[in-house]
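Heads up, the thing below is written out as structure tokens.
Note that the structure is a prediction, hence the values are computed from the model and not measured. All heavy atoms count here, side chains included; hydrogens, waters and symmetry mates do not. Throughout, numbering of the chain's residues begins at 1 and tracks the sequence.
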Amino acid sequence: MSPLTDNAAFWTKKSRKYAASPIADMDGYLNTLGRTKSYLKSSDRALEMGCGTGSTALLLAPHVAHITATDIAPGMIEIANEKLAEEGLDNVTFAVADILDHSTKDGPYDVVMAHNLLHLVSDLDGALAHISALVKPGGLFISKTVCAPYHAGLKFNLIRSLAIPIMQVIGKAPFVEFMAANVLEGKIKAAGFKIIETGDQTSMVLSRYLVARRV
């Protein structure tokens, strides 16, 4: 096995603690889950990128024909497979993979999902172009992304410009970029998608939920 990237090593180290942590915004999570389910069909071949420990993929599995769920961190996928063994579902496949590792030969998919992932991707334009190639024409790309708040205050700016860079230097934080939601939308459109639904969840940061159709 090739050496892990810094981000993969970071998330693998955090995987057990991450799995044991409660969801910070359960209402927001359930809303995202419900909206996503409403777009799925029992005949769909689905792909979830950045699946973490697999909880969302397992909850979505009854609503599709098959879901492949991937993450860059082997530690996350190890936990996901443990959960899969407990659930006993036969239409879920977990695998270690980065966005660009997915072959277009395995597609096209009816729906590709990336929840809480895009702000952690360094080459977002390249990633979105590859995602577009994985989605069949007329298929869907569903994402939820942490973005910069509409009115960034001093606390957020200090975290973004000072705290996070320091933590990255000492290996306590992964790559992260908080872009404006309209910038994110523009990049998704440029990759060949038409946005058909958006929604915001706000706290100190903004989470933008997007559903986009491949044109």
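You'll find the side chain of Phe94 reaches within 4.5 Å of the side chain of Leu84, heavy atoms only. Taking the side chain as every heavy atom from C-beta outward, Tyr39 and Val111 never approach each other to under 4.5 Å. Within the 4.5 Å cutoff, side-chain heavy atoms of Lys83 are placed close to those of Ser55. Asn91 places none of its side-chain heavy atoms less than 4.5 Å from the side chain of Pro62. Within the 4.5 Å cutoff, the side chain of Thr145 has no heavy atoms near those of the Leu117 side chain. You'll find the side chain of Ile188 reaches within 4.5 Å of the side chain of Ser143, heavy atoms only. Contact of the Leu206 side chain with the Val146 side chain is not registered, since no non-hydrogen atoms from C-beta on lie closer than 4.5 Å.
Atom-to-atom distance recorded for His119:NE2 and Phe175:CZ is 10.5 Å, nearest 0.5 angstrom. Here CG of Leu128 is found 13.5 Å from NZ of Lys189. Values are rounded to the nearest 0.5 Å. Within the model, atoms CD1 of Ile72 and CG of Leu100 stand 11.5 Å from one another, a figure rounded to the nearest 0.5 Å. Rounded to the nearest 0.5 Å, atoms CD1 (Ile131) and CG (Leu47) are 8.5 Å apart. The CG atom of Leu140 sits 15.5 Å away from atom OH of Tyr109, with the distance rounded to the nearest 0.5 Å. From Phe178, atom CZ reaches atom CG of Leu184 across 13.0 Å, with rounding to the nearest 0.5 Å.
Residues Ile79 and Leu89 do not share a hydrophobic cluster, clusters being chains of Ile/Leu/Val/Met/Phe/Trp/Tyr side chains in contact below 4.5 Å. In the hydrophobic clustering of this structure, Phe141 groups with Val121; members are Ile, Leu, Val, Met, Phe, Trp, Tyr whose side-chain heavy atoms approach within less than 4.5 Å, directly or through other members. There is a path of hydrophobic side-chain contacts, each under 4.5 Å, that joins Leu210 to Met49. Taking hydrophobic clusters as Ile, Leu, Val, Met, Phe, Trp and Tyr residues chained together by side-chain heavy-atom distances below 4.5 Å, Leu59 shares a cluster with Val92. Hydrophobic clustering (ILVMFWY, side-chain heavy atoms < 4.5 Å, transitive): Ile195 and Phe193 are in one cluster.
Considering all non-hydrogen atoms of both residues, Ala46 and Met113 come closest at CB-CE, 4.0 Å. Nearest heavy-atom pair across Ser103 and Leu134 is O-CD2, 3.6 Å. The heavy-atom pair separating Asp71 from Ala73 by the smallest distance is OD1-N, 3.0 Å. Considering all non-hydrogen atoms of both residues, Gln201 and Asn31 come closest at NE2-ND2, 3.7 Å. Closest non-hydrogen pair, Thr53 versus Ser15, comes out as CG2-O, 4.3 Å. Residues Ala133 and Thr104 come closest through the heavy atom pair CB-CG2, 3.9 Å.
Between Glu78 and Arg16 there is a salt bridge, since a side-chain N of the basic residue sits under 4.0 Å from a carboxylate O of the acidic one. Salt bridge Lys41/Asp110: absent, no basic N to carboxylate O contact under 4.0 Å.
No side-chain donor-acceptor contact under 3.5 Å links His115 and Thr56. For Lys144 and Ser207, the side-chain atoms include no donor-acceptor pair closer than 3.5 Å.
Of the possible polar contacts, none joining the His130 side chain to the Gly126 backbone as a donor-acceptor pair under 3.5 Å is found. Between the His63 side chain and the Leu60 main chain, no donor and acceptor come within less than 3.5 Å of each other. The backbone N or O of Thr36 sits less than 3.5 Å from a side-chain atom of Tyr209, completing a donor-acceptor pair. Looking only at distances, no side-chain donor or acceptor of Thr12 sits under 3.5 Å from a matching main-chain atom of Ala9. Ser132 places a side-chain N or O within 3.5 Å of a backbone atom of Ala191 that can act as its donor or acceptor partner. The backbone N or O of Pro108 sits less than 3.5 Å from a side-chain atom of Arg45, completing a donor-acceptor pair.
Here the rule is side-chain hydrogen bond (donor to acceptor under 3.5 Å, both in side chains) with His66, and of Asp44, Asp90, Thr93 only Thr93 fits it.
No more than 12 heavy atoms of other residues, nucleotides or ligands lie within 6.0 Å of NZ in Lys13, so this atom counts as exposed by the packing criterion.
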### Task
Apply side-chain contact (heavy atoms from CB on, under 4.5 Å) to the pair Val211 and Arg35, showing each step before the final yes or no.
CA-CA 9 Å; Val211 182; Arg35 292 307 305 145; over 6 Å; no

### Task
Kindly determine whether Ile77 and Cys51 satisfy side-chain contact (heavy atoms from CB on, under 4.5 Å), including the steps that lead there.
CA-CA 8 Å; Ile77 296 301; Cys51 71; 3.7 Å; yes

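Using cut-offs of 30° and 60° for the angle between ring planes, the Trp11 and Tyr18 rings count as perpendicular.
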